[in-house]
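Notes follow once the structure below has been shown.
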Amino acid sequence: MVRLKLSLLRNGLRQSSGRRAAYIASVVVVLLFAALQLLGLIALRGNQHAATVCVLLVALLALGWAFMPLFFASGDETLDATRLVMLPLRPRPLVRALLVASLVGIGPLFTLCLAVGSVIAVARGAAGVTVGVLAVVLTLLVCVALARAMAAANTRLLTSRRGRDLAVLSGLVIAVGAQLVNFGAQSLGSSGGLARLDPVAAVLDWIPPAAAIGAVHAASEGDLGVALARLALTAAALVALLYGWQRSLTKLMVSPDGSTLQAAGEGRDKGGRSAGLGRLLPSGRTGTVMERSLRYVWRDPKTKAAWVTSLAIGLIVPVFNALQGTGSLYFACFAAGMLGIQMYNQFGQDTSAFWMVALTISSPRDAYVELRGRALALLVITLPYATLVTVVTTALLGDWGALPEVLGLSFALLGAMLATGAWSSARFPYSIPQEGYKNVAPGQAGLAWIAIFGGMVAAALLCAPVLAFTLWLHLSGADHWTWLLLPLGGAYGALIALLGLRMAAPRTARRLPEILHAVSKG
C-alpha cells in the first residue's frame, strides 16, 4: 500500500510540469511554515502558558484533520476507499495497510513537526520526555486515523452532488473560521491574555489527541497517574477510531450505493414536498417562479454558495463589531445590503436553461410577473433575516430606541437594491460557469463589475431621501420621532422596488435574445 501511494504520487507529478511545480512549491511552503512553528514552540519552552498553547494547538490540528478531507477530498485520491473494493484484503489488514500508507505525505510531516515541538515545549525531566515520545506517536496516529475514519464514513457524500456542494462552500467555512480566530486573538490581546485560555485547555487536556500533550505536562509536573490516564484515553480513542474506520470500510465494500437502488419512493417524497411548498406560495406564475428560485437556492451549488456567503457575512460584520465594542447599530444594514446583491444578475443563475423561461415571456407583463416572483422569493428569506440581524445587534448594543430607525433604513435599502437589481439583470446580464470556482465567464468580468457596483451606487442614491430625513430628525433634535422611519422606510422600499420592477420589465421583454446569449456563454 505504501508503494501504491508513492506510485500514485509519482504518476500524478508526471502529468505536467505545472503540477510538479505546484507540488514542489506547496512542499516548500509547508516545510518552511512547519519549521517556523517548530522553532516558535521550542522558544515557548519554560513559559508558564506553554502547556495551554500546545494543548490548544494540537486540538485545532485534530479539528483540521477531521474536517479538511470533507472539503478537499479531491486532493487525495486514496481517500476514496471504493477504489479498493476488488483488492483481496480483509478489512483489518486493509485498515493497517491504509494507516501506514496514510503516514506518507506533507500533512503527516507537518503534524509530526508540531507534535514534536509541543512535546519539547512542555516536557521536563525523564518522565516528561518518556511520555512525550509516546505522545508524539499517539498524536500522529490519532490525527491520521481520525481523517481516514471521517473520510470513510462520508465517502458516499464526497462522491455525490452534495459533496461537490460542500466543496463549493469550503471557502466560506474557512473565511468564517478565520474571522472567529481573528476575533479570538483580538479578545485575548485586549484583556486577560493567554490566562483566559487556561480553563479551555483544562477541558481539552482530557480530549484526545490533545490529552496526549496534557499527559506530557502532567508527567513533567510529577503527576504520573494523571499522565497515564490521559495516555490511556488517547490510546482508547485510537482503537475506537480504527474500529469505526474498519466498520465503515466493511459497509462501504459490501453495501450498494444509491445508483443501484430504485428511487421511486424518494421521488414520491420529493413530489410530496414540492406540493407542500407550492401550497404555501401564491397561485399562478408568481408562485411557480418563487418555487423555482427557492429551489435554485437550495439545489444549485453556485447559488447556494452565494446565498450562504451573504447570510454569514451579513451576520458576522454587525455582530462581531458589536461584540468588540466598536460597532454601531447601523452596521445591521449590512445584512440587507449583502442579501440585496442576490437580486443582481437574476437570469445568469439560470445559465443556458434560461431559454425555457424566455419562451414564456412574450410581453412586458410576462416579464414583470417573472421579475416580481424572483423578488418575492428573495424577500421570503431577506426580510426575516435582516430583521433578525438587526434585533440581535440591537440586543448586543442595548440601543433599543434606535431599532425602528435602523429597520426602516434596512427595508429602504433592500427595496432600492431590488429595484436596481431588476434593472441591472436586464441591462448587464452575464453567465455563471457551472464548473470550477469562477463566478463569471471569461470576458464578462467588466459586465459583472458594472452590474454589481454600479447597481449598489444607484441603490445608495435611491436611499438618499430616507437618509436625508434621518439626518434631519437627528440634527433638529426630533429624536423622539425616529420611530416614523420604520413605516416610512418600509413603504418607501416597497414603492421603489415596485417602480424598479415596472421599469425593468419592458427592457427585459425587449432584450430577451441578448440576455439569452449573454447568460449562455458559460
Inset, instruction - Could you tell me the separation between the OG atom of S248 and the CH2 atom of W245, rounded to the nearest 0.5 Å? - result: 10.5 Å
Inset, instruction - Keeping to residues at least two apart or across chains, list the ring-ring contact (aromatic ring centres under 6.0 Å, His included) pairs with something in residues 343-366. - result: F347-F354
Inset, instruction - Calculate, to the nearest 0.5 Å, the distance between atoms NE2 and CG belonging to H49 and L56 respectively. - result: 12.0 Å
Legend entry - Side chain proximity check, L467 to L409, heavy atoms < 4.5 angstrom: yes
Inset, instruction - Without swapping roles, check the side chain of T303 against the backbone of V297 for a donor-acceptor pair under 3.5 Å. - result: no
Inset, instruction - Can you measure from OG (S424) to CG (N345) and round to the nearest 0.5 angstrom? - result: 7.5 Å
Inset, instruction - With sequence neighbours left out, write down each residue that passes side-chain hydrogen bond (donor to acceptor under 3.5 Å, both in side chains) with T111, or none if nothing qualifies. - result: W65
Legend entry - Over all atoms of both residues, closest heavy-atom pair of M417 and G340: CE-C, 3.9 Å
Legend entry - W481, CH2: over 12 other non-hydrogen atoms inside 6.0 angstrom: no
Legend entry - side chain to side chain contact (heavy atoms under 4.5 Å, CB included) involving A59 - partner list, sequence neighbours excluded: L204, A210
Inset, instruction - Give the minimum heavy-atom separation between A412 and V466, together with the two atoms involved. - result: CB-CG2, 4.0 Å
Legend entry - Rounded distance [0.5 Å steps], OG1 in T387 versus CZ in F411: 3.5 Å
Legend entry - Which atom of M343 lies closest to which atom of S425, heavy atoms considered: O-OG, 3.1 Å
Inset, instruction - Among residues two or more places apart or on two chains, list those pairs meeting side chain to side chain donor-acceptor pair (under 3.5 Å) that have a residue in residues 451-467. - result: none
Legend entry - Beyond-backbone contact of L294 with I381, side-chain heavy atoms, under 4.5 angstrom: yes
Legend entry - Counterpart residues, side-chain hydrogen bond (donor to acceptor under 3.5 Å, both in side chains), relative to Y330 (two or more places apart): E405
Inset, instruction - Decide side chain to side chain contact (heavy atoms under 4.5 Å, CB included) for T390 and S410; before the verdict, give the C-alpha distance in whole Å, the side-chain angles of both, and the deciding distance to 0.1 Å. - result: CA-CA 9 Å; T390 306; S410 295; 4.2 Å; yes
Legend entry - Close side-chain approach of L339 and L311, heavy atoms under 4.5 Å: yes
Legend entry - Set of side chain to side chain contact (heavy atoms under 4.5 Å, CB included) partners for T234, sequence neighbours left out: L138, V142, P208, A211, A212
Inset, instruction - Quick one: which residue pairs count as a side chain to side chain donor-acceptor pair (under 3.5 Å) with a foot in residues 368-383, not counting sequence neighbours? - result: R285-E370, T286-R372, R292-E370, D350-R374, E370-R374
Inset, instruction - Check the pair V406 / T394 against side chain to side chain contact (heavy atoms under 4.5 Å, CB included), numbers first and verdict last. - result: CA-CA 9 Å; V406 177; T394 304; over 6 Å; no
Inset, instruction - Apply the test side chain to side chain contact (heavy atoms under 4.5 Å, CB included) to residues V58 and T139: give CA-CA distance (whole Å), side-chain angles for both, the deciding distance (0.1 Å), then the verdict. - result: CA-CA 8 Å; V58 172; T139 298; 3.9 Å; yes
Inset, instruction - Tell me, please, which residues at least two apart from A386 pass side chain to side chain contact (heavy atoms under 4.5 Å, CB included). - result: A336
Inset, instruction - Measure across A62 and L146 and return the closest heavy-atom pair with its distance rounded to 0.1 Å. - result: O-CD2, 3.5 Å
Inset, instruction - Determine, step by step, whether L315 and Y385 satisfy the side chain to side chain contact (heavy atoms under 4.5 Å, CB included) criterion, reporting the C-alpha distance in whole Å, the side-chain angles of both residues, the deciding distance to 0.1 Å, and the verdict. - result: CA-CA 9 Å; L315 178 66; Y385 184 79; 3.2 Å; yes
Inset, instruction - Grab the two heavy atoms, one from T393 and one from A332, that are nearest each other, plus how far apart they are. - result: OG1-CB, 4.2 Å
Inset, instruction - Any chance you could measure L114, atom CG, to C54, atom SG, to the nearest 0.5 Å? - result: 9.0 Å
Legend entry - Contact summary for L329 and A402, nearest pair of heavy atoms: CD2-CB, 3.5 Å
Legend entry - Side chain to side chain, W483 and L403, heavy atoms closer than 4.5 Å: no
Legend entry - D399: partners by side-chain hydrogen bond (donor to acceptor under 3.5 Å, both in side chains), with sequence neighbours left out: none
Legend entry - Non-neighbouring partners of F33 that pass side chain to side chain contact (heavy atoms under 4.5 Å, CB included), sequence neighbours left out: Q37, F110
Distance-only donor-acceptor pairs under 3.5 Å for side chains of residues 485-512, two or more places apart:
residue: Y492; atom: OH; partner: L462; partner atom: O; Å: 2.4
residue: T508; atom: OG1; partner: A504; partner atom: O; Å: 2.8
residue: R511; atom: NH1; partner: A426; partner atom: O; Å: 2.3

Legend entry - I213 side chain near D205 side chain, heavy-atom distance below 4.5 Å: no
Inset, instruction - Taking the side chain as every heavy atom from C-beta outward, state whether L379 and L376 have any pair of such atoms under 4.5 Å apart. - result: yes
Inset, instruction - Answer whether the closest heavy-atom distance between the side chains of M290 and P282 falls below 4.5 Å. - result: yes
Inset, instruction - Would you check if P318 and V389 make a side-chain contact, meaning some heavy-atom pair closer than 4.5 Å? - result: yes
Legend entry - Euclidean distance, I341 CD1 relative to L378 CG, rounded to 0.5 Å: 11.0 Å
Legend entry - Which residues share a side-chain hydrogen bond (donor to acceptor under 3.5 Å, both in side chains) with S102, sequence neighbours left out: R148
